[in-house]
Q: 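The structure under discussion is supplied below as C-alpha coordinates; questions concerning it will follow.
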2 protein chains.
Amino acid sequence: MTVQRRLVLDALQRARHHTTAEEIARQIRARHPQIDPSTVYRNLEALEELGYVTHTHLDDRVTRWHRADVERHGHLVCRRCGSEQEIPLRTLEPLGRRLRSEQGFRADLAHSAIVGICRECAP
Amino acid sequence: MTVQRRLVLDALQRARHHTTAEEIARQIRARHPQIDPSTVYRNLEALEELGYVTHTHLDDRVTRWHRADVERHGHLVCRRCGSEQEIPLRTLEPLGRRLRSEQGFRADLAHSAIVGICRECAP
DNA sequence: GTCACTATTGCCACCACTTGCGATAACCTT
DNA sequence: AAGGTTATCGCAAGTGGTGGCAATAGTGAC
Ligand SMILES: [Mn+2]
Ligand SMILES: [Mn+2]
Ligand SMILES: [Zn+2]
Ligand SMILES: [Zn+2]
(Lines give C-alpha, C1' and ligand atoms only; values in the text may rest on other atoms or scores of the structure.)
(Ligands and ions follow the chains in the order given, each with its own letter.)
Protein backbone atom coordinates (compact mmCIF):
# COMPACT_ATOMS: atom_id res chain seq x y z
CA MET A 1 0.00 0.00 0.00
CA THR A 2 1.85 3.05 -1.30
CA VAL A 3 1.00 6.64 -0.40
CA GLN A 4 -0.38 7.09 -3.94
CA ARG A 5 -2.79 4.16 -3.53
CA ARG A 6 -3.86 5.44 -0.11
CA LEU A 7 -4.64 8.85 -1.63
CA VAL A 8 -6.78 7.31 -4.37
CA LEU A 9 -8.73 5.23 -1.86
CA ASP A 10 -9.24 8.27 0.39
CA ALA A 11 -10.56 10.33 -2.52
CA LEU A 12 -13.03 7.54 -3.30
CA GLN A 13 -14.21 7.47 0.31
CA ARG A 14 -14.85 11.21 0.23
CA ALA A 15 -16.79 11.05 -3.05
CA ARG A 16 -19.95 9.14 -2.24
CA HIS A 17 -20.80 8.01 -5.75
CA HIS A 18 -19.51 7.40 -9.27
CA THR A 19 -16.60 9.80 -9.55
CA THR A 20 -14.32 9.94 -12.56
CA ALA A 21 -10.62 9.13 -12.51
CA GLU A 22 -9.92 12.63 -13.71
CA GLU A 23 -11.74 14.16 -10.73
CA ILE A 24 -9.74 11.97 -8.35
CA ALA A 25 -6.50 12.88 -10.08
CA ARG A 26 -7.40 16.58 -9.93
CA GLN A 27 -8.01 16.40 -6.17
CA ILE A 28 -4.82 14.51 -5.47
CA ARG A 29 -2.66 16.69 -7.71
CA ALA A 30 -3.92 19.82 -5.98
CA ARG A 31 -1.84 18.78 -2.95
CA HIS A 32 0.64 16.38 -4.59
CA PRO A 33 1.36 17.71 -8.08
CA GLN A 34 4.16 15.21 -8.68
CA ILE A 35 1.67 12.31 -8.74
CA ASP A 36 0.97 11.38 -12.34
CA PRO A 37 -2.59 10.80 -13.64
CA SER A 38 -1.52 7.42 -15.00
CA THR A 39 -0.70 6.37 -11.44
CA VAL A 40 -4.28 7.20 -10.46
CA TYR A 41 -5.67 5.11 -13.32
CA ARG A 42 -3.42 2.19 -12.46
CA ASN A 43 -4.35 2.36 -8.79
CA LEU A 44 -8.05 2.39 -9.56
CA GLU A 45 -7.51 -0.82 -11.52
CA ALA A 46 -5.39 -2.31 -8.74
CA LEU A 47 -7.97 -1.41 -6.09
CA GLU A 48 -10.66 -2.98 -8.28
CA GLU A 49 -8.61 -6.17 -8.50
CA LEU A 50 -8.32 -6.12 -4.70
CA GLY A 51 -12.09 -5.77 -4.39
CA TYR A 52 -12.16 -2.26 -2.90
CA VAL A 53 -13.72 -0.45 -5.85
CA THR A 54 -15.79 -1.14 -8.94
CA HIS A 55 -16.64 0.84 -12.05
CA THR A 56 -19.59 1.37 -14.36
CA HIS A 57 -20.06 2.90 -17.80
CA LEU A 58 -22.71 5.47 -18.62
CA ASP A 59 -23.18 6.61 -22.22
CA ASP A 60 -19.91 8.43 -22.73
CA ARG A 61 -16.37 7.14 -22.79
CA VAL A 62 -15.69 8.20 -19.20
CA THR A 63 -15.47 5.39 -16.66
CA ARG A 64 -17.23 5.96 -13.32
CA TRP A 65 -15.62 4.64 -10.14
CA HIS A 66 -17.04 3.95 -6.70
CA ARG A 67 -16.34 2.03 -3.51
CA ALA A 68 -17.28 -1.64 -3.74
CA ASP A 69 -19.34 -1.47 -0.55
CA VAL A 70 -22.07 0.83 -1.88
CA GLU A 71 -25.25 -1.04 -2.76
CA ARG A 72 -25.09 -2.31 -6.31
CA HIS A 73 -27.70 -0.94 -8.66
CA GLY A 74 -28.43 -0.47 -12.33
CA HIS A 75 -28.45 2.78 -14.30
CA LEU A 76 -30.79 4.14 -16.93
CA VAL A 77 -29.43 7.01 -19.00
CA CYS A 78 -31.37 9.07 -21.48
CA ARG A 79 -29.57 9.58 -24.75
CA ARG A 80 -31.65 12.71 -25.40
CA CYS A 81 -31.34 14.77 -22.21
CA GLY A 82 -28.51 12.84 -20.53
CA SER A 83 -30.44 12.29 -17.30
CA GLU A 84 -29.33 9.39 -15.13
CA GLN A 85 -31.60 7.25 -13.01
CA GLU A 86 -30.75 4.43 -10.64
CA ILE A 87 -32.80 1.26 -10.54
CA PRO A 88 -32.69 -1.67 -8.12
CA LEU A 89 -30.76 -4.71 -9.34
CA ARG A 90 -33.89 -6.72 -8.58
CA THR A 91 -35.48 -5.27 -11.73
CA LEU A 92 -32.68 -6.72 -13.86
CA GLU A 93 -32.45 -10.09 -12.18
CA PRO A 94 -35.01 -11.96 -14.29
CA LEU A 95 -32.89 -11.23 -17.37
CA GLY A 96 -29.78 -12.29 -15.46
CA ARG A 97 -31.37 -15.63 -14.60
CA ARG A 98 -32.48 -16.13 -18.18
CA LEU A 99 -29.02 -15.46 -19.65
CA ARG A 100 -27.57 -17.79 -17.01
CA SER A 101 -29.87 -20.71 -17.84
CA GLU A 102 -30.13 -20.23 -21.62
CA GLN A 103 -26.53 -19.27 -22.40
CA GLY A 104 -24.57 -20.19 -19.31
CA PHE A 105 -23.58 -16.51 -19.17
CA ARG A 106 -23.17 -14.83 -15.77
CA ALA A 107 -24.18 -11.27 -16.63
CA ASP A 108 -23.05 -8.29 -14.60
CA LEU A 109 -26.07 -6.12 -15.32
CA ALA A 110 -24.85 -3.24 -13.17
CA HIS A 111 -21.67 -2.80 -15.20
CA SER A 112 -23.07 -0.74 -18.06
CA ALA A 113 -25.95 1.69 -17.99
CA ILE A 114 -29.00 0.92 -20.08
CA VAL A 115 -29.36 3.60 -22.74
CA GLY A 116 -32.72 4.80 -24.00
CA ILE A 117 -35.24 7.62 -23.91
CA CYS A 118 -36.57 8.74 -20.55
CA ARG A 119 -40.18 9.50 -19.71
CA GLU A 120 -39.74 13.26 -20.06
CA CYS A 121 -38.12 13.00 -23.49
CA ALA A 122 -40.52 10.42 -24.95
CA PRO A 123 -42.18 11.67 -28.16
CA MET B 1 -24.03 13.98 -49.99
CA THR B 2 -20.33 14.66 -50.35
CA VAL B 3 -17.82 12.19 -51.83
CA GLN B 4 -16.44 11.70 -48.31
CA ARG B 5 -19.84 10.70 -46.93
CA ARG B 6 -20.42 8.37 -49.89
CA LEU B 7 -17.07 6.67 -49.20
CA VAL B 8 -17.95 6.11 -45.53
CA LEU B 9 -21.32 4.61 -46.46
CA ASP B 10 -19.71 2.36 -49.09
CA ALA B 11 -17.15 1.10 -46.57
CA LEU B 12 -20.00 0.26 -44.19
CA GLN B 13 -21.83 -1.65 -46.93
CA ARG B 14 -18.73 -3.73 -47.65
CA ALA B 15 -18.16 -4.54 -43.99
CA ARG B 16 -21.05 -6.74 -43.01
CA HIS B 17 -20.89 -6.16 -39.28
CA HIS B 18 -19.67 -3.90 -36.48
CA THR B 19 -16.63 -2.22 -37.96
CA THR B 20 -14.65 0.46 -36.18
CA ALA B 21 -14.29 4.04 -37.37
CA GLU B 22 -10.54 3.53 -37.50
CA GLU B 23 -10.91 0.55 -39.87
CA ILE B 24 -13.18 2.59 -42.17
CA ALA B 25 -10.74 5.51 -42.12
CA ARG B 26 -7.87 3.15 -42.90
CA GLN B 27 -9.68 1.72 -45.94
CA ILE B 28 -10.67 5.12 -47.28
CA ARG B 29 -7.27 6.68 -46.72
CA ALA B 30 -5.58 3.85 -48.64
CA ARG B 31 -7.09 5.34 -51.81
CA HIS B 32 -7.77 8.91 -50.65
CA PRO B 33 -5.03 9.85 -48.21
CA GLN B 34 -6.13 13.49 -48.03
CA ILE B 35 -9.37 12.52 -46.26
CA ASP B 36 -8.97 13.20 -42.57
CA PRO B 37 -10.02 10.67 -39.90
CA SER B 38 -12.11 13.36 -38.21
CA THR B 39 -14.19 13.57 -41.39
CA VAL B 40 -14.91 9.86 -41.07
CA TYR B 41 -15.99 10.26 -37.43
CA ARG B 42 -18.21 13.22 -38.29
CA ASN B 43 -19.79 11.41 -41.21
CA LEU B 44 -20.56 8.34 -39.13
CA GLU B 45 -22.44 10.61 -36.73
CA ALA B 46 -24.21 12.39 -39.59
CA LEU B 47 -25.21 9.07 -41.19
CA GLU B 48 -26.52 7.89 -37.83
CA GLU B 49 -28.61 11.06 -37.52
CA LEU B 50 -29.98 10.34 -41.01
CA GLY B 51 -30.91 6.81 -39.98
CA TYR B 52 -28.46 4.95 -42.23
CA VAL B 53 -26.17 3.58 -39.53
CA THR B 54 -26.16 2.77 -35.83
CA HIS B 55 -23.48 1.98 -33.30
CA THR B 56 -22.99 -0.31 -30.32
CA HIS B 57 -20.47 -0.52 -27.48
CA LEU B 58 -18.70 -3.69 -26.49
CA ASP B 59 -16.41 -3.74 -23.44
CA ASP B 60 -13.57 -1.59 -24.75
CA ARG B 61 -13.38 2.10 -25.62
CA VAL B 62 -13.95 1.50 -29.34
CA THR B 63 -17.35 2.28 -30.86
CA ARG B 64 -18.69 -0.31 -33.33
CA TRP B 65 -20.62 0.87 -36.40
CA HIS B 66 -22.97 -0.93 -38.75
CA ARG B 67 -25.70 -0.32 -41.31
CA ALA B 68 -29.08 0.38 -39.77
CA ASP B 69 -30.76 -2.31 -41.87
CA VAL B 70 -29.00 -5.32 -40.35
CA GLU B 71 -31.14 -7.25 -37.91
CA ARG B 72 -30.86 -5.75 -34.47
CA HIS B 73 -29.50 -8.03 -31.77
CA GLY B 74 -27.92 -7.97 -28.34
CA HIS B 75 -24.31 -8.78 -27.42
CA LEU B 76 -22.82 -10.72 -24.56
CA VAL B 77 -19.11 -10.14 -23.95
CA CYS B 78 -16.94 -12.06 -21.54
CA ARG B 79 -14.72 -9.86 -19.41
CA ARG B 80 -12.35 -12.77 -18.87
CA CYS B 81 -11.64 -14.12 -22.37
CA GLY B 82 -13.13 -11.30 -24.42
CA SER B 83 -15.39 -13.58 -26.45
CA GLU B 84 -18.45 -11.98 -28.05
CA GLN B 85 -21.80 -13.65 -28.55
CA GLU B 86 -24.91 -12.37 -30.29
CA ILE B 87 -28.31 -12.95 -28.80
CA PRO B 88 -31.78 -12.30 -30.25
CA LEU B 89 -33.43 -9.08 -29.08
CA ARG B 90 -36.38 -11.25 -28.12
CA THR B 91 -34.40 -12.44 -25.09
CA LEU B 92 -34.06 -8.87 -23.83
CA GLU B 93 -37.61 -7.75 -24.58
CA PRO B 94 -39.20 -8.74 -21.26
CA LEU B 95 -36.81 -6.37 -19.49
CA GLY B 96 -37.56 -3.70 -22.07
CA ARG B 97 -41.28 -4.00 -21.40
CA ARG B 98 -40.72 -3.87 -17.67
CA LEU B 99 -38.60 -0.70 -17.81
CA ARG B 100 -41.21 0.81 -20.11
CA SER B 101 -44.13 0.15 -17.80
CA GLU B 102 -42.39 0.70 -14.45
CA GLN B 103 -40.22 3.70 -15.32
CA GLY B 104 -41.62 5.00 -18.59
CA PHE B 105 -38.13 4.38 -20.01
CA ARG B 106 -37.78 3.21 -23.62
CA ALA B 107 -34.62 1.14 -23.37
CA ASP B 108 -32.40 0.44 -26.36
CA LEU B 109 -31.08 -2.91 -25.15
CA ALA B 110 -28.98 -3.47 -28.26
CA HIS B 111 -26.92 -0.33 -27.72
CA SER B 112 -24.45 -1.69 -25.18
CA ALA B 113 -23.18 -5.21 -24.79
CA ILE B 114 -23.95 -7.07 -21.59
CA VAL B 115 -20.69 -7.78 -19.78
CA GLY B 116 -20.15 -10.91 -17.71
CA ILE B 117 -18.44 -14.28 -17.59
CA CYS B 118 -19.10 -16.75 -20.37
CA ARG B 119 -19.78 -20.45 -19.96
CA GLU B 120 -16.19 -21.47 -20.78
CA CYS B 121 -14.68 -19.08 -18.25
CA ALA B 122 -17.10 -19.80 -15.40
CA PRO B 123 -15.30 -20.95 -12.22
C1' DG C 1 19.78 -3.66 9.61
C1' DT C 2 21.26 -5.25 4.98
C1' DC C 3 20.29 -7.08 0.72
C1' DA C 4 17.68 -8.93 -3.01
C1' DC C 5 13.46 -9.08 -5.34
C1' DT C 6 9.28 -7.44 -6.85
C1' DA C 7 5.66 -3.93 -7.27
C1' DT C 8 4.84 0.56 -8.31
C1' DT C 9 6.01 5.04 -10.02
C1' DG C 10 6.78 9.21 -13.19
C1' DC C 11 7.51 10.20 -17.70
C1' DC C 12 6.40 9.89 -22.38
C1' DA C 13 4.32 8.45 -26.58
C1' DC C 14 0.32 6.67 -28.24
C1' DC C 15 -4.89 5.64 -28.99
C1' DA C 16 -9.72 6.70 -30.10
C1' DC C 17 -11.85 10.13 -30.54
C1' DT C 18 -13.59 15.42 -30.22
C1' DT C 19 -13.63 20.27 -31.12
C1' DG C 20 -12.54 24.99 -32.98
C1' DC C 21 -11.40 27.35 -36.99
C1' DG C 22 -10.69 29.15 -41.43
C1' DA C 23 -10.95 27.22 -46.22
C1' DT C 24 -13.71 24.82 -49.54
C1' DA C 25 -17.45 22.48 -51.53
C1' DA C 26 -22.40 21.65 -52.07
C1' DC C 27 -26.86 23.54 -52.80
C1' DC C 28 -30.15 26.81 -53.77
C1' DT C 29 -31.98 31.20 -55.98
C1' DT C 30 -32.15 34.03 -59.60
C1' DA D 1 -24.10 30.40 -65.36
C1' DA D 2 -23.15 33.35 -61.43
C1' DG D 3 -23.68 34.65 -56.66
C1' DG D 4 -24.86 33.90 -51.99
C1' DT D 5 -25.72 30.82 -48.19
C1' DT D 6 -24.89 26.98 -45.63
C1' DA D 7 -22.82 22.47 -44.77
C1' DT D 8 -18.82 20.09 -44.73
C1' DC D 9 -13.88 19.70 -44.95
C1' DG D 10 -8.78 19.40 -43.59
C1' DC D 11 -5.89 20.59 -40.10
C1' DA D 12 -4.29 20.99 -35.56
C1' DA D 13 -4.82 21.00 -30.72
C1' DG D 14 -7.11 18.93 -26.83
C1' DT D 15 -9.30 14.92 -23.84
C1' DG D 16 -9.66 10.72 -21.23
C1' DG D 17 -7.34 6.75 -21.02
C1' DT D 18 -3.48 2.94 -22.02
C1' DG D 19 1.07 0.89 -22.31
C1' DG D 20 6.33 0.63 -22.41
C1' DC D 21 10.28 1.76 -19.90
C1' DA D 22 13.84 2.82 -16.68
C1' DA D 23 14.11 4.59 -11.98
C1' DT D 24 12.49 4.01 -7.37
C1' DA D 25 10.00 2.39 -3.43
C1' DG D 26 8.08 -1.34 -0.76
C1' DT D 27 8.52 -6.15 1.16
C1' DG D 28 10.18 -9.92 3.08
C1' DA D 29 14.34 -13.22 3.92
C1' DC D 30 18.34 -13.51 6.20
MN1 LIG E 1 -23.39 5.24 -27.71
MN1 LIG F 1 -15.75 -1.86 -17.86
ZN1 LIG G 1 -34.30 12.34 -21.07
ZN1 LIG H 1 -15.08 -16.19 -21.61
Side-chain angles (χ1 to χ4, degrees), chain A residues 1-12 15 18-66 77 79 82 84 111-113 115, chain B residues 1-12 15 18-66 77 79 82 84 111-113 115:
Chain A
M1 180 68 58
T2 61
V3 328
Q4 290 87 339
R5 184 162 301 175
R6 184 83 248 156
L7 286 166
V8 170
L9 199 48
D10 289 350
L12 271 163
H18 44 61
T19 333
T20 66
E22 205 207 1
E23 169 64 17
I24 293 171
R26 210 188 45 71
Q27 279 180 35
I28 292 177
R29 285 163 63 81
R31 285 174 168 281
H32 310 271
Q34 80 285 4
I35 293 179
D36 196 78
S38 70
T39 299
V40 174
Y41 287 105
R42 283 193 279 229
N43 273 319
L44 285 167
E45 272 176 58
L47 289 166
E48 183 166 50
E49 208 92 18
L50 294 167
Y52 289 105
V53 316
T54 53
H55 73 265
T56 58
H57 305 281
L58 304 188
D59 199 32
D60 51 16
R61 293 188 310 125
V62 184
T63 301
R64 259 72 175 191
W65 297 88
H66 37 82
V77 356
R79 67 150 53 97
E84 302 165 16
H111 188 71
S112 297
V115 177
Chain B
M1 180 68 59
T2 61
V3 329
Q4 290 89 339
R5 185 162 300 173
R6 184 83 250 157
L7 285 166
V8 170
L9 199 47
D10 289 351
L12 272 163
H18 46 58
T19 332
T20 66
E22 207 207 2
E23 169 64 16
I24 293 171
R26 210 188 45 70
Q27 279 181 33
I28 292 177
R29 285 164 62 81
R31 285 173 169 281
H32 310 270
Q34 80 285 2
I35 294 179
D36 196 78
S38 70
T39 299
V40 173
Y41 286 105
R42 283 193 278 229
N43 272 317
L44 285 167
E45 270 177 58
L47 289 165
E48 184 166 50
E49 207 93 17
L50 294 167
Y52 289 106
V53 316
T54 53
H55 73 265
T56 58
H57 304 281
L58 303 188
D59 199 31
D60 53 16
R61 296 188 307 126
V62 184
T63 301
R64 260 70 177 194
W65 298 87
H66 38 82
V77 357
R79 67 151 53 95
E84 304 166 16
H111 188 70
S112 297
V115 177

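Here is the naming used below: chain letters follow the sequence lines, and residue numbers restart at 1 for every chain. Computed from a predicted structure; not experimentally measured.
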Q: Decide yes or no for His111(B) and Asp59(A): does some side-chain heavy atom of the first lie under 4.5 Å from some side-chain heavy atom of the second?
A: yes
Q: Residues of residues 31-43 of chain A with any non-hydrogen atom less than 4.0 angstrom from an atom of DNA chain D: list those, numerically ordered, please.
A: Ser38(A), Tyr41(A), Arg42(A)
Q: Please state how far atom CZ in Arg26(B) lies from atom P in dC17(C), giving the value in whole angstrom units.
A: 15 Å
Q: Rounded to the nearest 0.5 Å, how far does CZ of Arg5(B) lie from CG of Leu47(B)?
A: 5.5 Å
Q: Is it the case that the ring center of His18(B) lies less than 6.0 angstrom away from the ring center of His55(B)?
A: no
Q: Taking the side chain as C-beta and beyond, is there a heavy-atom pair between Thr2(B) and Arg6(B) under 4.5 Å?
A: no
Q: Atom CG of Leu44(B) and atom C1' of dC9(D): how far apart are they, to the nearest Å?
A: 15 Å
Q: At what distance, to the nearest 0.5 angstrom, does CG of Asp36(A) lie from OH of Tyr41(A)?
A: 10.5 Å
Q: Rounded to whole Å, please give me the gap between CZ in Arg5(A) and C1' in dG10(C).
A: 15 Å
Q: Tell me the interatomic distance from Glu23(A), atom CD, to dG17(D), atom P, rounded to whole angstroms.
A: 12 Å
Q: Quick one: CD1 on Ile24(B) to CZ on Arg29(B), what's the gap to the nearest 0.5 Å?
A: 14.0 Å
Q: Walk me through whether Glu22(B) and Arg26(B) qualify under side-chain contact (heavy atoms from CB on, under 4.5 Å).
A: CA-CA 6 Å; Glu22(B) 207 207 2; Arg26(B) 210 188 45 70; 6.0 Å; no
Q: Between CG of Leu12(A) and CH2 of Trp65(A), what distance do you get to the nearest 0.5 Å?
A: 9.0 Å
Q: Please produce a list of atom pairs where a protein N or O lies less than 3.5 Å from an N or O of nucleotides 25-29 of chain D.
A:
unit_1  : atom_1 : unit_2  : atom_2 : d
dT27(D) : OP1    : Met1(A) : N      : 3.2

Q: Using a 4.0 Å heavy-atom cut-off across all strands, classify Glu45(B) as base, sugar-phosphate, or nothing.
A: sugar-phosphate
Q: Output yes when Arg42(A) and Glu45(A) qualify as a salt bridge under the 4.0 Å nitrogen-oxygen rule, no when they do not.
A: no
Q: Please give me every residue in residues 48-64 of chain B whose heavy atoms get under 4.0 Å of an atom in DNA chain C, ordered by residue number.
A: Arg61(B), Val62(B), Thr63(B)
Q: Determine whether Gln4(A) and Asn43(A) make a side-chain contact, defined as any pair of heavy atoms from C-beta on separated by less than 4.5 Å.
A: yes
Q: Please check: side-chain N/O of Arg64(A) versus main-chain N/O of Val62(A), any donor-acceptor pairing under 3.5 Å?
A: yes
Q: Starting at CG of Leu47(B) and ending at C1' of dA7(D), how long is that distance when rounded to a whole Å?
A: 14 Å
